[in-house]
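I have placed the structure first, in the form of structure tokens, so that the comments after it can refer back to it.
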Amino acid sequence: MNSPDISVVLPVYNGKKYLDESVSSVLSQTFETFELVICDDASQDTSRDLIARYDDPRIRVLANDQNRGLFPTLNRLLRASRTPLIRLWSQDDRMKPRCLEVEADFWAKHPDLGMSFCLRDHIDADGNTTWTAPQDRSSSVLSPRHMVQSSFYHGSPPGNISTVMLNREALRTVGPFRPDMTYSGDFELWVRLSKQHETGVIAQSLVDLRFHAGQLSRQNVMLSKIREDQEVVRRLLERLPDHLQGHARIYNRWHRHVRYAHHMMKSALKGRWHEAAQTFRLLHNVDSPGWVLLLWLISANGRWFKPEPKFDL
């Protein structure tokens with residue numbers, strides 16, 4: 001095997017249903033000089049046995065002695081990888097055959113980026129395409145100023161770790177994923193990277209992103225996500241240009257805080273009083289719950305009157 005140029009890192013936890021399809025899509029790439037580093041996070045299904053059956057010199061396998069969670073497992077994979085470029089991957093998704101080839105060509109033209117992400121199509125549990133990425137965009141490089149505004153208004157630009165390539169040198173300057181985060185650790189790292197480095201957007205759909213009922217992101221994790229997102233949003237808000245701060249705070253109230261209020265009321269109506277009380281406290285940390293509840297009522301849960309993003313690029 002030639003010395004690899006890209007490390008594809010794959011955390012696995014109870015992934016047997018789609019794991020073979022995911023791994024096979026990596027092994028069938030037109031770009032061949034890569035390594036695939038897999039770490040099983042103490043799966044309770046037969047994922048570890050499935051991984052052990054692969055006989056390919058490009059694959060290296062690690063295993064956690066106990067379940068560590070996504071971001072600690074990703075950090076172990078980052079440490080184990082050996083190349084300047086690190087391609088994050090997921091057990092549920094499929095790489096299109098030219099994914100790594102297109103990304104390698106893009107990075108050859110833009111070697112100093114902190115990270116890049118590609119477009120993606122959506123597939124369902126059976127692999128049927130449910131949404132196709134727009135085809136009328138051009139690849140670009142986004143400045144830190146652009147990324148902070150886009151991230152504040154629209155959330156995590158990559159959407160999913162399966163679209164992301166990382167620069168090892170840039171990671172050394174900002175550090176790895178926060179191991180104390182469970183749901184927003186990827187977004188938090190993108191915010192740190194984009195503060196110091198430009199971000200590449202590869203305007204081609206290079207992966208099929210699968211949506212199914214068993215995913216972590218589809219579980220009832222709203223309360224924990226609110227808590228973690230509040231920290232990330234606060235740092236983004238601090239980095240916005242001074243003349244955008246007022247509008248951004250209004251936007252935040254109507255778009256995020258109203259959503260928190262909706263979760264609080266929904267929890268209360270379902271008799272989840274502890275969760276409602278915790279959401280109230282989180283809302284109280286960033287705003288006046290009374291005012292936000294009033295906005296929630298008059299806007300029909302944020303469907304009316306919401307302000308639009310205001311950019312200065």
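This chain uses plain numbering: 1 for the first residue, then up along the sequence.
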For the student: nearest non-hydrogen atoms of Pro176 and Leu189, plus distance: O-CD1, 4.0 Å

Cation-aromatic face contact Arg210/Tyr18, 6.0 Å, 45 degrees: yes

Side-chain donor-acceptor contact under 3.5 Å, Asp312 with His243: yes

From the list Glu103, Glu35, Glu101, salt bridge (Lys or Arg N to Asp or Glu O under 4.0 Å) with Arg87 holds only for Glu103

At their closest point, which heavy atom of Ser47 faces which heavy atom of Gly15, and how far apart are they? OG-N, 2.9 Å

Among the clusters formed by ILVMFWY side chains lying less than 4.5 Å apart, do Met115 and Phe177 turn up in the same one? yes

Got a sec: does the CZ of Arg168 have more than 12 other heavy atoms crowding it under 6.0 Å? yes

Looking at His154, I'd like to know if its NE2 atom is crowded, meaning that more than 12 non-hydrogen atoms belonging to other residues, nucleotides or ligands lie closer than 6.0 Å. yes

Which one of Ser140, Cys99, Cys118 satisfies the side chain to side chain contact (heavy atoms under 4.5 Å, CB included) criterion with Ile202? Cys118

Does any N or O in the side chain of Thr83 come within less than 3.5 Å of the main-chain N or O of Leu85, such that one atom is a donor and the other an acceptor? yes

Strictly below 4.0 Å, N to O, side chains only: are Asp121 and Lys96 in salt-bridge contact? yes

So Phe106 and His110, would you call those rings parallel, tilted or perpendicular, with 30° and 60° as cut-offs? tilted

Tell me the closest heavy-atom pair linking Ser205 and Ala133, and the distance in Å. CB-CB, 4.0 Å

Going by the angle between their ring planes, with limits at 30° and 60°, are Trp254 and Phe305 parallel, tilted or perpendicular? perpendicular

Show your working on side-chain hydrogen bond (donor to acceptor under 3.5 Å, both in side chains) between Glu275 and His263 and close with a plain yes or no. CA-CA 9 Å; Glu275 185 167 350; His263 181 71; 2.7 Å; yes

Please confirm whether Arg256 makes a cation-pi placement over Phe152, using NZ or CZ under 6.0 Å from the six-membered ring centre and within 45° of the ring normal. yes

How long is the straight-line distance from CG of Asn64 back to CG of Asp41, given to the nearest 0.5 Å? 4.5 Å

Backbone N or O of Pro158 within a donor-acceptor pair of the Thr163 side chain at under 3.5 Å? yes

To the nearest 0.5 angstrom, please state how far the CG atom of Leu78 sits from the CD1 atom of Ile86. 5.0 Å

What's the verdict on side-chain contact (heavy atoms from CB on, under 4.5 Å) for Gln196 and Thr173, showing C-alpha distance, side-chain angles and the deciding distance? CA-CA 9 Å; Gln196 301 185 30; Thr173 67; 3.9 Å; yes

When you measure from the side chain of Ser22 to the backbone N and O of Ser90, does any donor-acceptor pair fall under 3.5 Å? yes

For a side-chain contact (heavy atoms from CB on, under 4.5 Å) check, start with the C-alpha distance between Ser43 and Arg48, then their side-chain angles and the critical distance, and finish with the verdict. CA-CA 7 Å; Ser43 293; Arg48 191 170 297 194; 5.7 Å; no

Is the shortest distance from a Lys or Arg side-chain nitrogen in Arg120 or Asp208 to a carboxylate oxygen in the other one below 4.0 Å? no

Could you tell me whether Lys17 and Asp92 have a side-chain N and a carboxylate O separated by less than 4.0 Å? no

Quick one: NE2 on His122 to CZ on Phe211, what's the gap to the nearest 0.5 Å? 4.0 Å

From His197 atom NE2 to Leu113 atom CG, the distance as rounded to the nearest 0.5 Å: 10.0 Å

Smallest separation among heavy atoms of Thr279 and Met264, with atom names: CG2-CB, 3.8 Å

If you count every heavy atom of other residues, nucleotides or ligands that lies below 6.0 Å from His274 atom NE2, does the total exceed 12? no

In terms of the angle between their ring planes, are Tyr251 and His255 parallel, tilted or perpendicular, with boundaries placed at 30° and 60°? parallel

Output field: ring centroids Tyr260/Phe280 closer than 6.0 Å: no

Let me see the working for Glu228 and Thr182 under side-chain contact (heavy atoms from CB on, under 4.5 Å), right down to the final yes or no. CA-CA 8 Å; Glu228 294 183 6; Thr182 305; 3.8 Å; yes

Met165 and Trp107 have their tightest heavy-atom pair at CG-NE1, 3.6 Å

Roughly how far, to the nearest 0.5 Å, is CH2 of Trp89 from CG of Leu100? 9.0 Å

When you check the gap from the basic side-chain N to the acidic O, do Arg68 and Asp65 get nearer than 4.0 Å? yes

Which value, rounded to the nearest 0.5 Å, describes the distance between Leu70 atom CG and Asn75 atom CG? 9.5 Å

Restricting to non-hydrogen atoms, name the atom on Arg249 and the atom on Leu237 that form the minimum distance, rounded to 0.1 Å. NH1-CD2, 3.3 Å

Donor-acceptor pair between Thr130 and Asp124 side chains, under 3.5 angstrom: no

What do the steps show when you test Tyr13 against Asp45 for side-chain hydrogen bond (donor to acceptor under 3.5 Å, both in side chains), and what is the final call? CA-CA 8 Å; Tyr13 179 67; Asp45 63 2; over 6 Å; no

Under 3.5 Å donor-acceptor, Ser7 side chain and Ser81 backbone: no

Would the number of heavy atoms belonging to other residues, nucleotides or ligands and lying under 6.0 Å from CH2 of Trp291 be above 12? no

Following the transitive rule for hydrophobic clusters with a side-chain heavy-atom cut-off under 4.5 Å over Ile, Leu, Val, Met, Phe, Trp and Tyr, establish whether Trp273 and Leu223 coincide in one cluster. no

So Leu27 and Val23, side-chain contact (heavy atoms from CB on, under 4.5 Å) or not? Walk me through it. CA-CA 6 Å; Leu27 297 179; Val23 171; 3.9 Å; yes

Is any side-chain N of the basic residue among Glu238 and Arg235 closer than 4.0 Å to the acidic one's carboxylate O? no

